[in-house]
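Structure first, commentary second.
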Amino acid sequence: MPAGSCIDIFYHQVLKEIRALVYPRAQENIAREEKKALEWLQAQKEIIIKPADKGGNVVLMTVADYMSEAYRQLKDGLTYEVIRGDPILIIQQELKSLLQRFVDMGFLSEKMAKKLIPETTSKPCWYFLPKVHKSLTHPPGRPIVSGVGSVTEPLSKYIDWLLRPILPSAPAYLKDTNDFLVALDGIQWSPEFKLVSLDVESLYTRIPQDAGVQAVTDILRNMGKDDVFCEFIEEALSFILQNNVFKFGDEWFRQ
């Protein structure tokens with residue numbers, strides 16, 4: 001807008017009045033003693049505060065106990081391996097090569113391939129949520145890898161977008177609890193039937209990666225998906241799983 005115009009004068013006058021506004025201080029919603037207690041907890045370097053795995057509780061653990069449980073899990077050589085140095089740049093180069101191959105095959109556009117390679121990345125980190133419903137004194141932890149902003153996040157989201165409409169056609173698909181109840185409603189129950197529940201410890205890290213990827217591609221081929229689509233899903237899934245890396249403390253790990 002031209003300087004000195006009516007609109008320009010009005011704009012600057014409104015902006016001046018907005019900047020002159022004094023906002024009332026928000027009222028405290030906790031007692032003074034509670035605020036002091038929270039500040040004291042925040043200052044304690046030997047305590048770690050985490051949400052519980054279930055129940056919505058807040059868990060306070062000593063750093064020593066937290067690190068002991070963390071390394072108990074991370075030293076499981078069947079699930080995790082220590083890697084030397086930051087692997088992100090190498091993974092990024094390998095990702096570019098993978099995507100370029102499918103651009104050359106005509107499956108991906110140059111524009112899509114560019115979107116799947118993040119310009120900036122965050123380092124994935126590992127932590128766990130204490131399972132206090134199993135033990136109050138030495139709770140085991142539910143491991144979580146926070147991969148927000150990681151080098152493979154855009155590709156993971158793209159694979160999820162491709163598979164999401166196909167998933168309901170899988171033979172063992174269950175959407176949620178209601179879907180399970182609907183399935184049960186169609187069963188003719190007999191007195192000798194029994195409901196049994198199973199709990200697999202660390203389910204996701206127990207699934208063999210090669211077998212999991214093969215199961216997905218087999219389902220896609222049985223649905224009649226074309227070879228290039230199946231090949232892309234297979235290689236992309238394998239790439240994501242094989243490059244599930246994270247940092248804990250000063251060390252890098254591969255899951």
Side-chain angles (χ1 to χ4, degrees), residues 1-61 63 66 86-89 91-93 95-96 98-100 102-103 107-130 142 144-165 167-168 175-176 178 236 240 243-250 252:
M1 71 188 82
S5 68
C6 294
I7 295 178
D8 178 60
I9 295 171
F10 175 75
Y11 167 77
H12 285 92
Q13 183 62 36
V14 171
L15 189 63
K16 180 180 178 182
E17 291 180 7
I18 291 175
R19 288 173 175 169
L21 289 174
V22 178
Y23 294 96
R25 184 178 179 182
Q27 294 183 348
E28 299 283 356
N29 60 359
I30 59 175
R32 183 178 299 176
E33 291 77 11
E34 293 174 324
K35 183 179 179 181
K36 287 183 177 179
L38 289 175
E39 290 173 347
W40 179 85
L41 281 173
Q42 190 176 27
Q44 303 309 302
K45 303 303 181 184
E46 73 277 6
I47 293 177
I48 287 181
I49 304 173
K50 292 288 183 183
D53 177 50
K54 292 181 180 179
N57 297 312
V58 177
V59 182
L60 277 67
M61 297 181 68
V63 171
Y66 185 87
D86 186 339
I88 300 302
L89 288 178
I91 294 173
Q92 199 165 34
Q93 291 301 318
L95 175 61
K96 290 179 181 179
L98 172 67
L99 297 177
Q100 186 59 50
F102 283 93
V103 169
F107 180 79
L108 291 175
S109 66
E110 292 279 1
K111 184 178 180 181
M112 176 56 71
K114 188 175 181 180
K115 287 182 177 179
L116 298 178
I117 302 172
E119 295 181 2
T120 59
T121 62
S122 300
K123 295 177 180 179
C125 62
W126 184 97
Y127 65 96
F128 71 82
L129 301 181
R142 179 183 299 278
I144 296 174
V145 176
S146 176
V148 177
S150 67
V151 64
T152 59
E153 184 186 26
L155 181 60
S156 298
K157 288 183 175 180
Y158 184 55
I159 295 298
D160 179 72
W161 179 77
L162 289 175
L163 293 180
R164 190 175 293 273
L167 188 60
K175 181 180 180 182
D176 50 27
N178 288 334
I240 293 166
N243 291 289
N244 187 11
V245 298
F246 58 85
K247 194 174 185 182
F248 183 77
D250 295 327
W252 281 91

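Values in this document were obtained by computation on a predicted structure and should not be read as measured data.
The shortest distance between side-chain heavy atoms of I49 and M61 does not fall below 4.5 Å. Contact check for P154 versus I117: no side-chain heavy atoms found under the 4.5 Å cut-off. Using a 4.5 Å heavy-atom threshold, the side chains of I30 and L38 count as touching. Looking only at side-chain heavy atoms (C-beta outward), E110 and Q100 come within less than 4.5 Å of each other. With contacts defined as side-chain heavy-atom distances shorter than 4.5 Å, the pair Y127/Y66 qualifies. For the pair V245/W252, a side-chain contact is recorded, criterion being any heavy-atom separation below 4.5 Å from C-beta on. Counting heavy atoms from C-beta on, the side chains of V63 and I47 never come closer than 4.5 Å. Counting only heavy atoms from C-beta outward, the side chains of M112 and Y158 approach each other to under 4.5 Å.
Of the possible donor and acceptor atoms, none in the side chain of Q93 sits under 3.5 Å from a partner among the backbone N and O of L89. With hydrogens and angles ignored, the 3.5 Å screen pairs no side-chain donor or acceptor of Q44 with any backbone N or O of L41.
In this structure, F102 and F107 have perpendicular ring planes: the angle between them is above 60°, well past the 30° mark. The aromatic rings of F248 and W126 sit perpendicular, their planes meeting at an angle over 60°, well past the 30° parallel limit.
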Handout entry: Intermediate values then yes/no, side-chain contact (heavy atoms from CB on, under 4.5 Å), V145 and N244
Key = CA-CA 9 Å; V145 176; N244 187 11; 3.9 Å; yes

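Contact between P130 and K50 at its shortest, heavy atoms only, is CD-CB, 3.9 Å. Between P118 and T121 the shortest heavy-atom distance is CG-CG2, 3.6 Å. Heavy-atom minimum distance, P51 versus L129: O-CD2, 3.6 Å. Counting all heavy atoms, side chain and backbone alike, P165 lies closest to P168 at O-CD, 3.6 Å.
Taken from OG1 in T152 to CD1 in I159, the straight-line distance is 11.0 Å, to the nearest 0.5 Å. Between the CD atom of Q92 and the NZ atom of K96 there is a distance of 5.5 Å, given to the nearest 0.5 Å. In this structure, CG in N243 is found 8.5 Å from CG in L95, a value given to the nearest 0.5 Å.
For K115, the NZ atom sits in a loose shell: 12 or fewer heavy atoms of surrounding residues, nucleotides or ligands are nearer than 6.0 Å. The environment of CD in E39 is crowded: more than 12 heavy-atom neighbours from other residues, nucleotides or ligands sit within 6.0 Å.
A salt bridge links K157 to E153: at least one charged side-chain nitrogen sits closer than 4.0 Å to a carboxylate oxygen.
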